[in-house]
Amino acid sequence: MKKYIKNAKMVFVLATILGLASCSDEFLNRPPEDNYSADTFYNTDDQLIAASNGLYGKVWFNFHNKAFYAIGEIASGNGFSYSSDVNTLRELNANGGDPEIGNAWKSCFAVVAQANGLIRTLPERIGPGVSDEVYDRVMGEAHFMRALAYFYIVRLWGPVPIIENNLDFINTPRVNTNRVEDVYTFIENDLQFAIDNLPEKMRGANYADNGHVSKGSAKSILAKVYLTQNKYPQAKAMAEEVISSGEFKLYGGASLPSKSYGDLFLTINDNNEESIMAFQWTAGVYGVGNGCNTMFAYSSYINESFYGGVFAPSQDLMTIFETGDIRRKETYMLPGDFYPNITTKDGPGFTVPANIDAQVSGSALKKYVVGKASQAAGTAGSNGMMANNTYVMRYADLLLIHAEAILGDAASTSDAQALGSFNAVRNRAGLGNMVSITKTDILHERRVEFAYEGEYWFDLCRIPRAQAIAIVQAQNRGDKNNAVYISGVTASDFVLPYPSGEVIKNPLLTAPPVAYLFNQ
Amino acid sequence: MRKSLLNANQWTSNGIMLFMLVLFGSINSLNAQSVSGVVSDSKGLTLPGVSVTVKNTQVGVTTDIDGKFTVAAASDATLIFSFIGFATQEVAINDRKIIKIVMADNTESLEEVVVIGYGTQKKGDVNGSVSSVKAKDIADIPQVSFDQMLQGKAAGVTVTNNSGQPGSAVSVKIRGASSLTGSNEPLYVIDGIPISGDATNKSTHGTPIAGSNFSNQGSNAVSPLSMLNPNDIESMDILKDASATAIYGSRGANGVVIITTKSGKKGTGKISYDTFLSLQEQTNLLETMDLRQYAVLQNTLADVYGQNRRPEFAHPELLGSGTNWQKEIYQTAILKNHQLSFSGGKEGVTYYVSGGYTDQQGTVIGSAFKRYTFKTNVDARLKDWFKVGVNISGGITNENLTLNGQSNGIVSTSLLVAPDVAVRNLDGSFAGPPVNESSISFINPVALAMSRTNKLVRKNFMGNFYAEAKLFKGLEYRFELGANTEYSENNEFNPTFAWGSAVNENAILNVRKQDYYSVNIKNLLTYRKNIGKHDFTILAGQEANESRWKGTALEARGFLSNDIQTISVSEADQILPTADYIGSQALYSYFGRIIYDYDSRYSITASIRADGSSKFAEGNKWGYFRAASATWKLSNEKFMEGTRKYIDNIRFKAGFGQTGNQQVPNYLYGTVLNTSATGLGTAFLQSNYSNVDLKWESSEQTNLGIDFTLLDSRISATIEVYNKTSEKFLYQLPLADYVTGGDSYYGGFASPYSNIGKMQNKGIDITLTYSTKPGNDFSWNSTLIFSKYKNEVTEIQDGLDLSRSILLNDFTPAIVTNTVEGKPMGLFYGHHYEGIFTSADQLAGAPTYYGNAPQLGDAIYQDVNDDGAIDEKDLKFIGNPHPDFTYGFTNNFAYKGIELSIFVQGSQGNDIMNLTRRAGTLNANLYTNQLAEAIDFYTADNTDAALPRPVNSLSHPNNKISDRYVEDGSYLRIQNVTLGYSLPTDLISKLKLTRLRIYGSVQNLHTFTKYKGYDPEVGSFNQDPLFMNIDNGRYPTPRTFTMGLNVEF
């Protein structure tokens, strides 16, 4: 009996020790093991640069993938599609349930949230190993990106909540929107901060160095922000600062004669001398690549997916190019066109077949179509997505802004500087000089230069509404067989509805906007 | 001796007898004589291993394999026959040499032991609410996973099959959903090892076991429980109320299901072989358009959209009927199951060993499930004070998954793919859309199902070891070490193909490898003390649990052919890591319980548990959960003696308890970074907003119950009412996208989790059983189970709405449910449809519809806020997925060896949102087939139409979520009918068999319902409690015909 109790006691003592030994705070402490936590990052220059890289890629994906074109091109009348996921804006009667409106919204606000994450975290978290230079640069990039996102947001939706620190909204997410003029002030402040903090750059032949934005990038966007608000003198001054800096060059034409307008859209030329700011895609998993090659190429014969031709040029777009404009062939394809840089299923070089007919347009898009993986096009990523960048702004845009800012409210101008900038863009396209230009000339030039680069809708939105209504009602918005003209377009059709899910979560979005209380 | 003489006196009429008895009796009193006999059960089956002892002596034997025994005993002695599961009998020998004994079933001793968590208790003594399901209740059900078998078997337990896919997850809700977070599934404790029922892994690594990382991509949740062979289960005890589950503290909020597997019994070894063969078929097809109808639709829609008609459809009447894709994707599927088990026991050691094999084809082509299971249970009493045991089981499953539960899944695609495409070309290759069709909406689903591989292999091993020692009188110490590990591998290969104009030139292989293990250690001390009428059982324990996981997912491209599907043959620079995760979590707990009983009349149970969890920040890690319950056995009171012949047992129960929930992802109290690739190099983005204040969700439940039995226990009833309140329930804050930036995969911030609100479930569970007197040739027993609960969310932080969106057709998200204060959770949310604009008068003064004036033929919605504009502010609650009540009715009839069992089960008063039907009546795209009813849409010539005018836009107001798509989902299903026959013992004993039974059954025989989809049992999409009864291309549950055989020798 004694022995049995002794045995038992031993078992008991042993097991209790075993049990208790494992109970320590350490046992219940489980920090992440598969990635950094915000507490253990931002200690070196490399880590800060890696954090800033994030603002150029996936955060923009949902905006760029379809919405950018469903809004920027289909709504503006440059594009055409029967595909019901992207064609709601074909007749300008979108509602907040449209998935692409929701995608554009959340993507732009993801950029705001990530930029705010850096602006909020870096000052308190950076380690001693971080140089002032890199810290300033990354803070500058964060302000630049927040401004860029809000610039898209305010032009698409008008009044929206200004969010400087997302954490302030977690417990009080139901807020009023802020006035459009306050959003613009906010954007201008951010760009000014970016100009003060971003490094000077000179765009050279080492394209890898050109990817991150510079002081010149911020000034260029600010010029555009000013022009959008019809602040012509400021726009002109800002554009001239950029031009005189010599940071950027037109690709092709007098400045880089060995290049051409078409070369702008080859993957190997990403971050070239003309690129002011671009989304930086890569051939990787879903969400980090450029889907245009899939959406625009007329079929899987020339892309890496199993479908194609979701977007097509509109019948209207096919009437606007002057004879001899080399941009026509780089914008959309016609039977017989030959593209040496497009690799097809059968090898390099693509001659457009006679039956090309994306979305019953009798044509198909060329811009941002790079063909199958090749030296010029690079490799392919998930879902046939490619690594070619998307221009947010290129130097041609700045030149046309310059011309338009000089024209101002005048009916026409023959100002030499304005003509210089304007004709540089035309010459590069193989067209002759103009001696006097009007607003209509500039808008036309912008439309052909930037067709399918997401610009035309924003141009229509910044001109007087009556004029914009007249333009869109005069466009043929049908397919090649059936002309369709829309009527009854109203001023409010140029402002997108807020996404339905957002209005459900915050009914105040549709209430009148309020003034924003700026910190300074 | 006096007794035997008295007995002998009865025989005085026979002098010779008397003489002989006296003679033998006197000899016996000196030398025992030999008595032999055979022992059988009430059905005539002989019983081996029955213990036969001579009363008041040490003499004893056990019956042999044929149930025979021979024992030396005095002729006037009394023999005691005892065997587990049967009533112990005392039989006087009365000079007989041969005695035939029929053992009566002792249902009491078999059924009344209930597992209550860290211990067992007699059913009649349990103070909390526990339902038990025994092996025999689930026999003959041809299901591969035991959770499916709980359906309709226990009051308060709602089981729905979320998908008909073999091996897919089911939703088990105990007394309604109590939480909104991730999974509401109960905790399963299999032989002492805790296993989470969460099939989505939300609380661990957050990534699915199969399929892609993106959320909402179809039903990809596979059952975490399909690893266990149901044949190995002895009993399932479901702890329902908090006073019962509080001992599981942290993990008990959704209820606990304790599973005990079979163990060996003393006696000669027993060999059992169980097998069944089933044929499974799709119960019904939906009426889609044939080619002629489709051509007419395409022509009409082309006119409406302003497009040219397709020349090949110029004369629809001349066309054939085309391809019926539904017929092509469903097949009659075979399910085979074999199980061999051995059990027995000798000299303190008992064992149970089994091996099983299941091979199931899916009713949708391309889906299949294979499983191999192994099980060993050994228990040994080494000393009279020391006992050890081990349970080990292993399972390997090999599944082919189809994409389902999603608009581009096989099931949905079969409804939408155009009938002008053949399945195969003349040369046998798969056909596709004509080459000139630029808009490919859907690809040949047969080709997809047969060409795409999506294989999931899971290897699971589970073991539990225990040692139990009696330290001194009444005090027992038990140590348990359990571990569970699973390794899984998912290979999804998307081949190159050229099916008409659908061409894919890039084969893609997605490989996902995961492994997971958890270790569980328990130290338990149990002290039992009896002082007169006072009976105490005191438990003190400690438990630690740690889980670790890691996984990698890769995407590879650049294959030269479809033949070899490994990463090694892909192109080296085209291998992308898509996920790589590693992590762990831990729980540490102390608990104690006192059960006190006074005179079998009053009983009290009280428990407390403290849990520390790694999910919460310092200061919030520990949660404390208390419970108390009491029982009054009225029938044991003296004053009730007179009524016992009518009511033999009345018991009142009352209980209150707290439980917790911490089933949320790890490290929510901090911010984690996400890696992504950009053209500039690797990038790091912040992925979530943290909440350092996050703490335990706690749930409180009050339970009141009454048990009684009538007429010699032939009628018994249990009625329980409960009120369960979840406080501070954990939920991810439903922040708007302008705050979060949307999905964190795309660079948004995941919303912080917060203890967001309060929810209540009130309900009643009733179980009624009736059984005929045992011992007759004919027996009938019947069980009716009725459950009703009412769910209400009583409080949400900041008065937020918990609206939820699901991916509809073509990946467009739409809000389908909303949850607000004062209403049940997950109510359907949308517009109230009031008809169609058919006249100019209606249009005049009509509100605007999302900013635009409606046209003739547009849908009319209710202007809820009466502001002259139909928009988001006019959304309202349009349906309730919660049933008014659910029920199950089991009837077993037996006559000699024949048994008939009929099980009917149903749900009443619940709505279903039929999104499959929405996709089939949208008319929003050309090149897409529709349901036959879709042709009846508004045109100038058809103003009396059922559907609004077609619009080539998914988000047009006409296509908004509305109560047009909400249907009554009530149903009554004949779930199972089984006819079995056991061959008579005397016949089979010649074959050395102790049991031979054959049976045939039909599962899912017929469903009575008004629901227009395939199957009204929709369940929760990926177990999400806010996506209840959303039918979005769900894999329907098949009808199953089964033939089975049970052999034992």
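So that the names make sense, note that chain A is the first sequence line, chain B the second, and so on, each numbered from 1.
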inquiry  = Counting only non-hydrogen atoms closer than 4.5 Å, does B:R548 touch chain A with its backbone (N, CA, C, O), its side chain (CB onward), both, or neither?
reply    = side chain
ask   = Any idea which heavy atoms bring B:L587 and A:F27 closest together, and the distance?
value = O-CE2, 3.5 Å
request  = Look at A:G384, A:P32, A:S107 and state which one has the largest set of heavy-atom pairs under 4.5 Å with chain B.
outcome  = A:P32
ask   = Can you check whether B:S676's main-chain N or O pairs, donor with acceptor, with A:K58's side chain at less than 3.5 Å?
value = no
Portion of A:D479 that has a non-hydrogen atom of chain B nearer than 4.5 angstrom = side chain
query = Measuring heavy-atom distances to chain B, does A:V112 have an atom under 4.5 Å in its side chain, in its backbone, in both, or in neither?
reply = neither
task = Please state whether the side chain, the backbone, both or neither of A:L509 comes within less than 4.5 Å of a heavy atom of chain B.
result = side chain
query = When heavy-atom pairs shorter than 4.5 Å are enumerated against chain A, which of B:N506, B:N494, B:I815 gives the highest number?
reply = B:N506
task = Could you grab the distance from atom OH of B:Y738 to atom CH2 of A:W157, nearest 0.5 Å is fine?
result = 14.0 Å
request  = Under 4.5 Å heavy-atom distance to chain B, tell me which part of A:I163 shows up: side chain, backbone, both or neither.
outcome  = side chain
task = Verify the ring-centre separation between B:F684 and A:Y36: is it less than 6.0 angstrom?
result = yes
inquiry  = If I take atom CD from residue A:E91 and atom NE2 from residue B:H956, how far apart are they, to the nearest 0.5 angstrom?
reply    = 9.0 Å
message = Please classify the contact of A:K505 with chain B as side chain, backbone, both or neither, using a heavy-atom distance under 4.5 Å.
response = side chain
request  = Among A:N62, A:N103, A:V59, find the one that has a side-chain contact (heavy atoms from CB on, under 4.5 Å) with B:Y746.
outcome  = A:N62
key: A:P497 versus chain B, the contacting section by heavy-atom distance below 4.5 Å   = neither
message = Heavy-atom pairs under 4.5 Å with chain B - which of A:G97, A:A94, A:A50, A:G284 has more of them than the others?
response = A:A50
query = Has the side chain of A:N166 got a donor or acceptor atom that lies under 3.5 Å from a matching backbone atom of B:V739?
reply = yes
ask   = Would A:K372 and B:E505 count as a salt bridge (Lys or Arg N to Asp or Glu O under 4.0 Å) if you check the C-alpha gap in whole Å, the side-chain angles of each, and the deciding distance to 0.1 Å?
value = CA-CA 11 Å; A:K372 289 202 182 282; B:E505 293 184 340; 2.6 Å; yes
request  = With a 4.5 angstrom heavy-atom cut-off, could you sort out which part of A:S382 is near chain B: side chain, backbone, both or neither?
outcome  = both
message = Would you say B:N308 and A:N482 are linked by a side-chain donor-acceptor pair, where the criterion is simply a distance under 3.5 Å?
response = yes
inquiry  = For the backbone of A:R30 and the side chain of B:Q585, can you confirm whether one donor and one acceptor N or O come within less than 3.5 Å of each other?
reply    = no
query = Counting heavy-atom pairs under 4.5 Å to chain B, which of A:A373, A:A380, A:G488, A:C108 comes out on top?
reply = A:A380
task = Could you check if a side-chain atom of B:F749 sits within less than 4.5 angstrom of a side-chain atom of A:N116, using non-hydrogen atoms only?
result = no
task = Please name the pair of heavy atoms, one in B:E872 and one in A:S500, separated by the smallest distance, quoted to 0.1 Å.
result = OE2-OG, 2.6 Å
inquiry  = Is it true that B:K960 and A:N95 share a donor-acceptor pair across their side chains at a distance under 3.5 Å?
reply    = yes
Nearest-0.5 Å distance that lies between atom CG in A:N389 and atom CG in B:L680 = 8.0 Å
message = Between B:N691, B:N504, B:L875, B:I582, who has the most heavy-atom pairs with chain A when the cutoff is under 4.5 Å?
response = B:I582
Interatomic distance, B:L685 atom CG to A:L55 atom CG [nearest 0.5 angstrom] = 7.0 Å
ask   = What option among B:S613, B:S754, B:A683 has the most heavy-atom pairs under 4.5 Å with chain A?
value = B:A683
Contact class of A:L167 relative to chain B, heavy atoms under 4.5 angstrom = side chain
task = For chain A, find which of B:A677, B:G748, B:G742 contributes the most heavy-atom pairs closer than 4.5 angstrom.
result = B:A677
Atom group of A:V111 that falls short of 4.5 Å from chain B, counting heavy atoms = neither
